[in-house]
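Step one of this worksheet: look at the structure below.
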Amino acid sequence: MGGLSRFKAALYNRPSMTRYQELADDIEASIKAGILQPDEKLPSVRHTSARRGISASTVFQAYYLLEARGLVRARERSGYFVVRQPRSSPPQPTAASTPEDRRFAVVDVSERVFEVLESAMDRELVPLGSAFPSPQLFPLQRLGQCLAKAARHIDPRSTFDDLTPGSAALRRQIARRYLADGLALSPADLLITNGALEALNLSLAAVTRPGGAVLIESPCFYGALQALERMGLSAIEVPTHPGEGMDLAALEAAIVRHRPQALWLMTSFQNPLGSLMPVARKKALVELVTRHELPLIEDDVYGELYFGDQRPPPAKAFDTQGWVLHCSSFSKCLAPGWRIGWVAAGRFARAVARHKLTSTLATNAPVQLALADYLESGGLDKHLRRLRQALLQQRDQMLAAIARYFPAGTQATRPEGGYFAWLQLPGNCNTQHLYRQALEHRISLAPGAVFSASPGFEHCLRLNFGHPFTPALDEALARLGQLATQAAA
Ligand SMILES: Cc1ncc(COP(=O)(O)O)c(C=O)c1O
């Protein structure tokens with residue numbers, strides 16, 4: 001094993017870390033299966049530690065993690081108890097979304113998406129369909145100061161120095177963050193882009209040729225569908241589980257059957273499902289693509305918005321052969337609108353750099369410097385802690401409102417990060433109709449049909465919980481629930 005992979009293995013396979021996560025996952029599964037009932041006491045730390053042959057502190061760590069997930073609560077001098085969540089969460093969808101992989105020429109997706117994007121940008125609407133969290137949640141003043149400083153002090157020569165691959169100072173700061181989270185990327189592995197979307201598009205251009213096929217999730221981020229459409233690629237949709245992400249058996253079958261040129265997916269807090277692929281599955285995914293020599297374009301824009309106690313490792317963390325093109329940005333966690341993203345493209349780095357140089361040449365230099373300055377001066381972790389806390393609270397408030405107002409039989413995901421919940425409505429509810437009705441009531445939403453090139457998600461919708469839960473938001477959810485109830489009747 002090389003130095004880098006040993007480093008990664010050491011960080012991701014620390015025995016105490018996997019043990020407490022395993023214990024937390026086992027207990028969570030028991031709670032979800034109803035084996036441990038609401039208000040029931042968890043086995044004592046001493047008992048669990050003896051039964052499992054692990055230390056008391058490992059057990060405590062697991063219980064803290066379950067507390068962070070909102071599943072248990074400590075009662076003073078009594079121990080840990082399962083939290084009762086009677087009406088606070090609708091049931092979660094369990095089935096994988098589509099029965100088998102399907103191949104589609106992507107056409108006409110953009111029209112549908114443009115319409116939804118337009119409505120999501122209308123300030124007069126309640127932004128349940130928006131792709132962005134509330135601007136109130138970001139340190140805009142501090143960022144503004146960094147931008148003013150960068151504009152004042154920018155060295156004119158840096159316009160040339162910071163051409164692709166981008167500002168060395170910023171790449172160093174991003175690499176440092178990855179390192180702190182256990183992913184050993186060097187600044188030289190990174191290329192700065194105009195948001196994650198450019199990183200994803202450059203990656204796609206680097207590994208495909210028009211007419212080829214690309215594997216995507218079902219349902220998937222509509223940006224992926226638009227990119228395939230624009231580049232004349234066909235989409236093969238692979239079933240993706242609302243809880244655990246892409247079905248790897250179906251993925252392997254699709255690789256063998258369709259001989260795709262690339263795979264594009266999200267391993268953490270997938271848009272629109274909110275799913276989080278377990279670590280073991282991420283490892284298996286990377287092994288699979290490496291075995292088949294298939295480029296994996298990983299979109300990790302929500303990776304920093306986790307509600308657990310640490311950032312889930314991306315698939316890139318297990319990539320020893322360079323088949324993963326890892327893309328992310330600051331758009332969702334720090335500086336929306338600043339359009340700063342990046343890609344660590346592994347063995348495709350040169351091809352990606354060439355596409356960048358021949359398409360947009362470089363990324364806005366003052367903005368890169370301002371971000372590097374912000375990161376260097378500290379404060380990001382504090383901001384992120386607050387942001388995650390706000391999102392978690394808003395998630396619970398929204399799920400409680402859905403349980404209150406939506407028709408019986410509604411299922412909703414309960415994501416462990418990000419700010420999207422995915423709903424499946426009962427009966428013959430058509431969310432495209434619901435979308436139009438909701439607009440009349442000044443409410444936006446993202447109907448299921450924009451997340452797939454194929455039929456199958458007409459009864460689904462994505463709601464954004466990235467905005468403070470105001471009375472107006474509660475009222476909008478009540479109205480939406482009412483409309484859905486009428487449609488389901
Ligand atoms: C899943 C996903 N990937 C990528 C992007 C694009 O990110 P950026 O704004 O950094 O280009 C978005 C934005 O909505 C997104 O939701």
Side-chain angles (χ1 to χ4, degrees), residues 109-110 113-114 116-121 127-135 137-138 143 166 170 174 190-205 214 216-228 230 240 245-246 262-277 296-306 312 314-316 325-344 352 356 359-360 363-364 367-368 371 391 413 415 417-422 444-446 450-452 462-467:
V109 177
S110 287
V113 173
F114 279 138
V116 172
L117 280 178
E118 258 170 29
S119 71
M121 287 187 295
L128 293 171
S130 167
F132 303 96
S134 164
L137 299 173
F138 296 96
L143 285 168
L170 179 58
I174 296 170
L190 296 163
L191 181 144
I192 305 294
T193 57
N194 293 298
L197 200 55
E198 188 185 34
L200 292 159
N201 278 305
L202 292 172
S203 298
L204 193 62
V214 175
I216 54 171
E217 294 156 310
S218 186
C220 72
F221 166 49
Y222 45 69
L225 294 170
Q226 289 175 308
L228 300 194
R230 199 184 53 256
T240 298
M246 187 173 275
L263 163 64
W264 173 332
L265 53 63
M266 302 186 70
T267 55
S268 298
F269 319 127
Q270 196 257 10
N271 178 3
L273 296 171
S275 56
L276 171 62
M277 198 180 265
L296 162 56
I297 301 172
E298 177 180 44
D299 178 353
D300 195 37
V301 285
Y302 301 106
E304 286 276 16
L305 303 181
Y306 54 88
K316 186 71 183 170
L325 300 95
H326 172 83
C327 305
S328 193
S329 74
F330 290 115
S331 306
K332 313 296 178 185
C333 64
L334 175 65
W338 282 38
R339 310 301 306 138
I340 295 293
W342 60 90
V343 50
V352 168
K356 169 79 182 168
S359 54
T360 58
T363 303
N364 186 315
V367 173
Q368 290 188 69
L371 268 178
L391 294 177
T413 54
Y419 48 85
F420 295 128
W422 177 252
S444 74
L445 60 87
V450 298
F451 301 102
S452 174
R462 186 195 73 185
L463 295 182
N464 177 321
F465 57 78
H467 293 254

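Both ligands and their constituent atoms are indexed starting at 1 by order of listing. Computation of the quantities below employed the complete heavy-atom set of this structure, encompassing side-chain atoms and omitting hydrogens, waters and symmetry-equivalent molecules.
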Nearest protein heavy atom to atom 13 (C) of ligand 1, by residue and atom, and its distance? Lys332 NZ, 2.7 Å

4.0 Å heavy-atom contact, Glu198 with ligand 1: no

Please identify which atoms of ligand 1 are closer than 4.0 Å to at least one heavy atom of Gly195. 10 (O), 11 (O)

Would Glu304 and Lys332 pass as an ion pair if we require N to O under 4.0 Å? no

Among all protein heavy atoms in this structure, tell me which lies nearest to atom 5 (C) of ligand 1, with the distance rounded to 0.1 Å. Phe221 CZ, 3.6 Å

Sole residue of Phe465, Tyr302, Phe132, Phe269 in ring pair (Phe, Tyr, Trp, His ring centres under 6.0 Å) with Phe420: Tyr302

Any nitrogen or oxygen of Met266, side chain or backbone, less than 3.5 Å from one on ligand 1? no

Heavy-atom gap Gln270 to ligand 1 smaller than 4.0 Å: no

What atoms of ligand 1 come closer than 4.0 angstrom to any heavy atom of Ser331? 8 (P), 9 (O), 10 (O)

Contact (N/O only, under 3.5 Å) between Asn271 and ligand 1: yes

For a 4.5 angstrom cut-off between non-hydrogen side-chain atoms, does Leu371 reach Trp338? yes

Only counting residues at least two apart or in another chain, list the ones meeting ring-ring contact (aromatic ring centres under 6.0 Å, His included) with His326. Tyr178

So do the side chains of Trp422 and Pro219 get within less than 4.5 Å of each other, counting heavy atoms only? yes

Taking atom types as modelled, find out whether Thr363 and Gln368 have a side-chain donor-acceptor pair closer than 3.5 angstrom. no

Polar side chain donor-acceptor pair, Gln270 to Thr240, under 3.5 angstrom: no

Counting only heavy atoms, which portion of Leu197 has something under 4.0 Å from ligand 1: side chain, backbone, both, or neither? both

So, is Asp299 polar-close to ligand 1, with some N/O to N/O distance under 3.5 Å? yes

Just need the protein heavy atom nearest to atom 16 (O) of ligand 1, so name the residue and atom and give the distance. Tyr302 OH, 2.7 Å

For the residue pair Leu228 and Ile216, establish whether any side-chain heavy-atom pair is separated by less than 4.5 Å. yes

Please work out whether any backbone atom (N, CA, C, O) or any side-chain heavy atom from C-beta onward of Arg339 is under 4.0 Å from ligand 1, and answer side chain, backbone, both or neither. side chain

Would you check if the side chain of Thr193 reaches a backbone N or O of Trp342 as a donor-acceptor pair within less than 3.5 Å? yes

Return a yes/no value for Ala196: is any of its N or O atoms, backbone included, closer than 3.5 angstrom to an N or O of ligand 1? yes

